[in-house]
Number of protein chains: 4
Amino acid sequence: MPKQPAAARRSAASRAAILEAAFELVGEVGYGRLGIEAIASRAGVGKQTIYRWWPSKGAVLFEAILVRGFGDGEEPVPLPDTGDLEADLRTVLRATALELASPEVDRPLRALTAAMVEDEALAEEYRIRVEEPTREAKRARLRSAQRAGQLPASLDLDIAIDAIFAPMAHRWLTRSGPLTEEYADALLETALNGLRHHGPN
Amino acid sequence: MPKQPAAARRSAASRAAILEAAFELVGEVGYGRLGIEAIASRAGVGKQTIYRWWPSKGAVLFEAILVRGFGDGEEPVPLPDTGDLEADLRTVLRATALELASPEVDRPLRALTAAMVEDEALAEEYRIRVEEPTREAKRARLRSAQRAGQLPASLDLDIAIDAIFAPMAHRWLTRSGPLTEEYADALLETALNGLRHHGPN
Amino acid sequence: MPKQPAAARRSAASRAAILEAAFELVGEVGYGRLGIEAIASRAGVGKQTIYRWWPSKGAVLFEAILVRGFGDGEEPVPLPDTGDLEADLRTVLRATALELASPEVDRPLRALTAAMVEDEALAEEYRIRVEEPTREAKRARLRSAQRAGQLPASLDLDIAIDAIFAPMAHRWLTRSGPLTEEYADALLETALNGLRHHGPN
Amino acid sequence: MPKQPAAARRSAASRAAILEAAFELVGEVGYGRLGIEAIASRAGVGKQTIYRWWPSKGAVLFEAILVRGFGDGEEPVPLPDTGDLEADLRTVLRATALELASPEVDRPLRALTAAMVEDEALAEEYRIRVEEPTREAKRARLRSAQRAGQLPASLDLDIAIDAIFAPMAHRWLTRSGPLTEEYADALLETALNGLRHHGPN
DNA sequence: ATTTAACCGAGACGGTACGTCACGTCTTCTA
DNA sequence: TAGAAGACGTGACGTACCGTCTCGGTTAAAT
């Protein structure tokens, strides 16, 4: 095993202070007015320390939100599986609606979205590290339902996931209506009705 | 009759040049790197002429896209109504998929989205001037289908519209899959199945 | 008398309002921050009306100060001539010291000086319309003294005037000391001593 | 020994380039048209580097002229003292006349004067760093003449200095006549005559 | 235990763009 | 046709950040 001659000794304290500062600031001023100098200043850190370890302010923000919001540890968080698909999805959708409606989740998530709309590389990283694991968990739950005969076996799972989850995400992003449990229930009923009657052609 | 206080009027040529320049530039450099000075310079216009008439670069971009993409004239563009709901929606969804997949629509629309994620006032204006008229046209088509007995009368039309159209918009925004006619058709089938089996409770 | 077919009908009210506004403003913000737009705005006048009649802000200021400070009417104001040269000059110098020390004269005169240091054409106009008439009045008084045998006939009058009056002007401009009657008297005594003992070579 | 807080230091090269550029530009366009951006651009320097170290364009110009014209090193340059007061002052006054008449001195000195007329703080700094040391050197020479019996002991030295030097400065500033050696000699003769006959009352 | 090289905070640097201000010209309308 | 109003192209202002680059100083691995 080749040994590094003088390895990078990254400061864990600085990293934590930077992510903390970035998270706070994005909640205060939004993504557009977030700046590297402000992060460095609030974190009590030199600018170079940020530039050394992250390629863009979007990347800092992304990591800050991952650490705070999703725990940093990468366990995929499976969907509940009680045997009752509709009940399980209702639980998830209602929880999602409540989360998206709360400012603690809304503000940083919106900032993250702004970052990704402008930065395709960041969007790709999000897809790999967040979106795809989440989607795989959803696929697993739907496959379980298929095995239980609650959904047709011919179903395209990605279309099914889109049909169930996308409308709420879209309403959140565009603020085109309130994110209530009633909305979640109505969406779910419509989507499941459509999926159950899906023909195999 | 009260007489006007002899005001200097707004230059139509400058306004057109600014919107043209903004539209071109956002296609070349994206929303993040779009700047007022670059717009003014390319339009052959003073910066103050932009600041005098628009509150932000997002507002300029918004108007530029409206003028170019949607024609500026505010006719609501009704959905086709041949009597066959599914065929009509298929036409619309397929066309939407093709449009969103084309760079000419994708680039500026993504820029506009970036602007709106950061700027709530802009999002509100979009909702009033674009989203709501479009949605009303969709509601009109669905009401027609209800009258024809093709959809349950008890249907919540806004949920129906979300179920039909949101998944494609979401896939476009997140680039989570290809925007094909097959995808359009599959989404539509799922959504309509769900809507047709909607119970009146 | 031939009548003009459609002559320029300059508005006396506008001219007066402009000069008044310029004089006020220069006292409030100084020459450097004085601007055409501010003058026009305070005078309730269009900018073009200023540009039509004056070539520069310095010219407006010059005329404003002439009108206010020196009466606009061009009578040369002779020096007193009681027969006692020293007493007459003492009267004039003491009065000058008091005037220069008062803010009402100091502020606009300093602004006018600033204008002239930067603008040679303005300085030339000042020389012709203010400095030279004033100097001629001084020459007349000194010539009278020569005729009375109080000063040598061989005296170069311009050097004499410089010797008597320049030190006070210089101290005022550079703020290198207080402008008191004592200073005026001491200067005068020194200068007159020098001039009286002037040899004819 | 207390250790410095590890500060990034000022760039001597940038400082020199800025002063050089300012000096050149003021000779080309004059004080009124001198601008920070033009200085920065010619010096190959960011504007912020100027704003960081100087409070105004006048301050830059002041330092530029000090460095170029007076050497930056603060030795007071004593007046010549050969024992013959009149000859010594003639040397100085003639040299001053020649310098003020030369464009290399006239242009920047006039610009500096323009700056000081508008900016009292700058004038104060000039008084402390240039005017007062110069005046002290003159006082020293006059005191020496008093000790040699060439001037009355009761003389107020500041009035004497004004009487000898101010007329030439005033003629230079107002361009009211040519700055020749003859003028210098005539002024000096007049002033010294006046000073020598000064009575002790 | 000492060396030593990367990391760290700080912040100056050359730049770019910001949003504001005033310039001097012009166009429109009124008196 | 002079004048009030004010939009226009122009360009400098002073500020905010960008991303790069020294500066000492402080560690922790490799001598």
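Fair warning: this is a prediction, and the values are worked out from it, not measured in the lab. Just so we're on the same page: letters track the sequence lines, and every chain starts at 1.
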(message) Measure CZ/D:R52 against C1'/F:dT15 and give the value in whole Å, please.
(response) 12 Å
(message) Just the rounded figure in Å: distance from P of E:dC7 to CD1 of A:I18.
(response) 13 Å
(message) Both C:I36 and D:G46 contact DNA chain E. Which one's nearest nucleotide lies toward the 5' end?
(response) D:G46
(message) Salt bridge or not between D:R110 and C:E118? Use side-chain N to carboxylate O under 4.0 Å.
(response) no
(message) With a sphere of 6.0 Å drawn around CZ of A:R33, does it hold more than 12 non-hydrogen atoms of other residues, nucleotides or ligands?
(response) no
(request) Please check the phosphate of E:dC29 (OP1 and OP2 only) for any side-chain N or O of B:R9 closer than 4.0 Å. (result) yes
(request) Please figure out whether A:A38 or C:A12 has its closest DNA chain F nucleotide nearer the 5' end. (result) C:A12
(message) In whole Å, I'd like the distance from the CH2 atom of B:W54 to the C1' atom of F:dC8.
(response) 13 Å
May I have the list of side-chain donor-acceptor pairs in residues 38-47 of chain C shorter than 3.5 Å, sequence neighbours left out?
residue, atom, partner, partner atom, Å
C:R42, NH1, C:E24, OE1, 2.8
C:R42, NH1, C:E28, OE2, 2.9
C:R42, NH2, C:E28, OE1, 3.0
C:K47, NZ, C:E37, OE2, 2.8

(request) Look at A:R15 together with A:E63 and state whether they make a salt bridge at an N to O cut-off of under 4.0 Å. (result) yes
(message) Just N and O in the side chain of C:R10: are any of them under 4.0 Å from OP1 or OP2 of F:dA2?
(response) no
(message) What is the distance, to the nearest angstrom, from the OH atom on B:Y51 to the P atom on F:dG9?
(response) 15 Å
(request) Classify the side chain of B:Q48 and the base of F:dC8 as holding, or not holding, a donor-acceptor pair under 3.5 Å. (result) no
(message) If the threshold is 4.0 Å, N to carboxylate O, is there a salt bridge linking D:R175 and C:E120?
(response) yes
(request) Please figure out whether C:K57 or D:G44 has its closest DNA chain E nucleotide nearer the 5' end. (result) D:G44
(request) Would you please confirm or rule out a distance under 4.0 Å between OP1 or OP2 of E:dG9 and any side-chain N or O of A:S14? (result) yes
(request) Nearest whole angstrom, please: distance from the C1' of E:dC26 to the CD1 of C:I50. (result) 17 Å
(message) For a quick test of reading the model: is some side-chain N or O of A:T49 closer than 4.0 Å to OP1 or OP2 of E:dC7?
(response) no
(message) Can you measure C:R33 atom CZ to E:dA22 atom C1' for me and round it to whole angstrom units?
(response) 12 Å
(message) Using whole Å, what does the distance between atom P of nucleotide F:dC17 and atom CG of A:L25 come to?
(response) 11 Å
(request) Please determine if a side-chain N or O atom of C:W53 lies less than 4.0 Å away from the OP1 or OP2 oxygen of F:dG3. (result) yes
(message) Output the rounded distance in Å from CG (A:L34) to P (F:dA16).
(response) 17 Å
(request) Between C:E37 and C:V45, name the one whose nearest nucleotide on DNA chain F is closer to the 5' end. (result) C:V45
(message) Whether the side chain of B:K47 and the base of F:dG11 hold a donor-acceptor pair under 3.5 Å is what I'd like checked.
(response) no
